[in-house]
Amino acid sequence: MFFDAAFWLPLAIMAPLTTALLLFLLPRRSGLLTVIGAAATIATVFLATLLVIQNGAARHTLGGWGAPLGIDLTADGLTVLMLALTAIVGAAITLYAHGYFTHPVHDATARTRYANFWPLWFFLWAALNALFLSGDVFNLYVTLELVSFAAVALTALAGKPAVLAAAMRYLLVGLLGSLFYLMGVVFLYGGFGVLDIAALGAVVTATPALAAAAALITVGLAMKTALFPLHFWLPPAHANATAPVSALLSALVIKGSFYILLRVWLGVLYPLGETIAPYLLMALGAAALLWGSLQAIRQTRLKLLVAYSTVAQIGYLFLLMPLLLAERNNLVALAGVVCFMLAHATAKASAFLSAGAIQLATGDDRLASLRGLMQIMPAPVAAFAMAGVSLVALPPSGGFVAKWFMLDATLASGYWVVALVIVAGGLMAAVYIMRVLAPLFRQVETVEARRVEHVPLSMNLSAFGLAVLAILLSFTGVYVLEILAIGAPWVTEAGL
Amino acid sequence: MINASVLYALAGVVLFGMGVYAMIAYPHLLRKILGMNVMGVGVFMVFIAISYQGPEQRADPVPHALVITGIVVAVCATGLALALATQLHALTGSARIPADGEE
Amino acid sequence: MRDLRVLEHHHDDDTAMTPPRLIILALSVLMVVGLALAALSFPAGDARLATLAMAALPQSGVLNPVTAVLLNYRGYDTLLEVAVLLLAILGIWAVAPQARIWIRRPDTPVLAAFVQLLLPLMVVVAGYLLWLGADEPGGAFQGGAVLGALGVLWVAAAVWLSNARRGNLLRPLLGIGLAAFITAAVALLLARGSLLEYPSGQAKTIILIIEGAALFSIGATLTLLFVGGFPRRSDAP
């Protein structure tokens, strides 16, 4: 039992969920509970990951019924990569948040409000793990709402009017998106009579019901993933939230809805793979990349710049949709997308965490006031620079490997225009990252005159650690390919 | 052939569309939140309608159970949205979202 | 009662048809037509999960197929749903640290006395609905809705706020549903190898225990969704 990956799948959800519940019941014990809860979550995730890598894809039949009557948790290579990513980035953000939220610059009221961060974050962690593991389209709806509620409440923690407006817009867009998704699920059930992804994959045909479901699900999830032109809610929410929350939202939360989109298209909606839909997503991805990068270049505030960079980088996720769907076994294209998710999550989390450290220390995040900070606070500045290397995709970095796979896949299939867009996106990223790095590394003489708040070690350590990881991911490309091949998420000709 | 369940499903689709329109077109938060609820009711109506399996057979219980789940989620969403809206109003004096998110 | 009046009406809130709204309207109509056409193409519903659900009913421990789906076949959905309820309250507390509710103690003692009279009655009704849910339409959510109504009356009559010390019971009351669900789920995972797999013959007992705990959490959650914030002590300004 203990050496079967299937045993650990539900525990990877129950560990953070129990922690969230205990944090709610015993708010005064949060220090100890967060450490134990994070350790337990990470342990279950890594056991599940290792066992899946060793023994192959796993399936847990909840309630002992088995799909299609019951709900199954499923874990293949793609699932465990996302679980492990969430665990690693989540652990770093947990460490950072311990330093950030107790920092003396926050007054007592703010710190009381921030106490809500802990149960909300563990709810979010549980919801993300549940999302990645779910094999059932209706269950995915419930996990999507859990993620959305936790994310909105976390955004609102900052308490300022601007952030409440951003959180309100985030909630409304999120609800609109999830109701579109739910209507899509209803159409899938109406048309095909099952809810399990694998069971649906075995019976779907290109009918009007499938087309309607595809339209509803794609629009709903594109809204939640902030794909251009439905991205308008993201920059204010990500830029105005507290730093640990911005990092969670940008690194993990948008990946959740994209993951569902990817799974549902590969596993259920694939009969429509040769229609115009994947090309439309590709075009929107290209537009997101160009528009988001232009906006990022125009920004004068650090966190808004990083947020618009997220709008741009979401575009990369959609660029390879036609390749993923038309060929149905293009592992290189999938590896490009997944490596990109890993690289973006680590680099963007690190960028937001270091930007947060800078803002906390200087009380300011205008680009103009970043001058000379390298001399005063080298750790966050160095972390931002390394994260920037990965965002621009210079070698060696995770971003470089991701784009290598992407270029490889696009050129092999003759999509050279997409390859050009990928290269253009990298160049534009270089421009906006340099707009931050240039003032940071500028030598200034009046350094002593500038007083900054102390940044605790835990914050520097986690921002720096994630940046190092973003660089080290450069050496993992081959392993990602191997892991993704475990129970690859395509529906093959023979069914499953 | 048109029967009552088809009519319910079509009514649900229309309600869904009305909710979408209200959520997108009107700036006032209460209208948006109501629109969201109308959308939800539309989804639930379609779901209940497709559980009909003819006069001899008992209705499919799965959509019924899922709709209960959906209703509970919708109630929670409404509560959270109203709390945010009232708080936003208390801090800014306005019950609508500013046209552009930047301060 | 709650400060929703502020959201009600604004003179500047026009709903006039402007060109952008016309476009939104046209798109909405287009979507409705497309979805309606797709909905008309649904195949006749005989190959659905209904057959499986009815066939497995004897092993599910209950006679009401909806309860069987909700608490047995898809019990995990319901576990997450109970988590959504708790998360909603937590979210509201994070957003609005203080309830914006104002309570005026009613001028006569009649309402408070009536509510206290109603209390045992409604608790019995809720419990009966829960018990009934195993075999007939009913269940924890229906019972919880009755308790929620009781809670709203209770708040309206200012009974609850006059007993501010009961606030200490609030967190356990809100959390007990999820606590029972998780405990049962993990215990059954360790005992039977799969989450929420009920041993045959004991399914009904376990379902009723989980539902009984969830009943109180649902009632308390619905009440607090109405209050909309962390309840203020009566001595607070």
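Residue numbering restarts at 1 for every chain, and letters A, B, ... go by the order of the sequence lines. FYI, side chains are in, hydrogens and waters are out, and symmetry mates aren't considered; it's all heavy atoms of this structure. It should be emphasised that the depicted structure is a prediction, and the values quoted were computed from it without experimental measurement.
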Got more than 12 heavy atoms from elsewhere within 6.0 Å of [atom1], [X]?
{"X": "C:Phe216", "atom1": "CZ", "answer": "no"}
{"X": "C:Ile176", "atom1": "CD1", "answer": "no"}
{"X": "B:Met18", "atom1": "CE", "answer": "no"}

I need the minimum non-hydrogen distance between [X] and [Y], along with the two atoms involved.
{"X": "C:Ala88", "Y": "B:Leu80", "answer": "O-CD1, 4.1 Å"}
{"X": "B:Pro61", "Y": "C:Ala53", "answer": "CG-CB, 4.0 Å"}
{"X": "B:Asp60", "Y": "C:Leu49", "answer": "OD2-N, 4.3 Å"}
{"X": "C:Arg21", "Y": "B:Ala25", "answer": "NE-O, 3.0 Å"}
{"X": "B:Val20", "Y": "C:Ser28", "answer": "CG1-OG, 4.4 Å"}

Would you compute the distance between atom [atom1] of [X] and atom [atom2] of [Y] and round it to the nearest 0.5 angstrom?
{"X": "B:Ile24", "Y": "C:Leu25", "atom1": "CD1", "atom2": "CG", "answer": "11.0 Å"}
{"X": "C:Met31", "Y": "B:Phe16", "atom1": "CE", "atom2": "CZ", "answer": "5.0 Å"}
{"X": "B:Cys76", "Y": "C:Leu87", "atom1": "SG", "atom2": "CG", "answer": "8.5 Å"}
{"X": "B:Thr78", "Y": "C:Leu225", "atom1": "OG1", "atom2": "CG", "answer": "9.0 Å"}

Residue pairs meeting side-chain hydrogen bond (donor to acceptor under 3.5 Å, both in side chains), one or both in residues 65-74 of chain B, sequence neighbours left out, come to B:Thr69-C:Glu81
Candidate pair B:Val72 and C:Val84, rule side chain to side chain contact (heavy atoms under 4.5 Å, CB included), full reasoning: CA-CA 8 Å; B:Val72 172; C:Val84 170; 5.8 Å; no
Please classify the contact of C:Ala36 with chain B as side chain, backbone, both or neither, using a heavy-atom distance under 4.5 Å.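 For C:Ala36, the contact with chain B is made by backbone and side chain together.
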Which residues from residues 61-77 of chain C are near chain B, with near meaning under 4.5 Å between non-hydrogen atoms?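 The list, in residue order, reads C:Pro65, C:Val66, C:Val69, C:Leu70, C:Arg74, C:Asp77.
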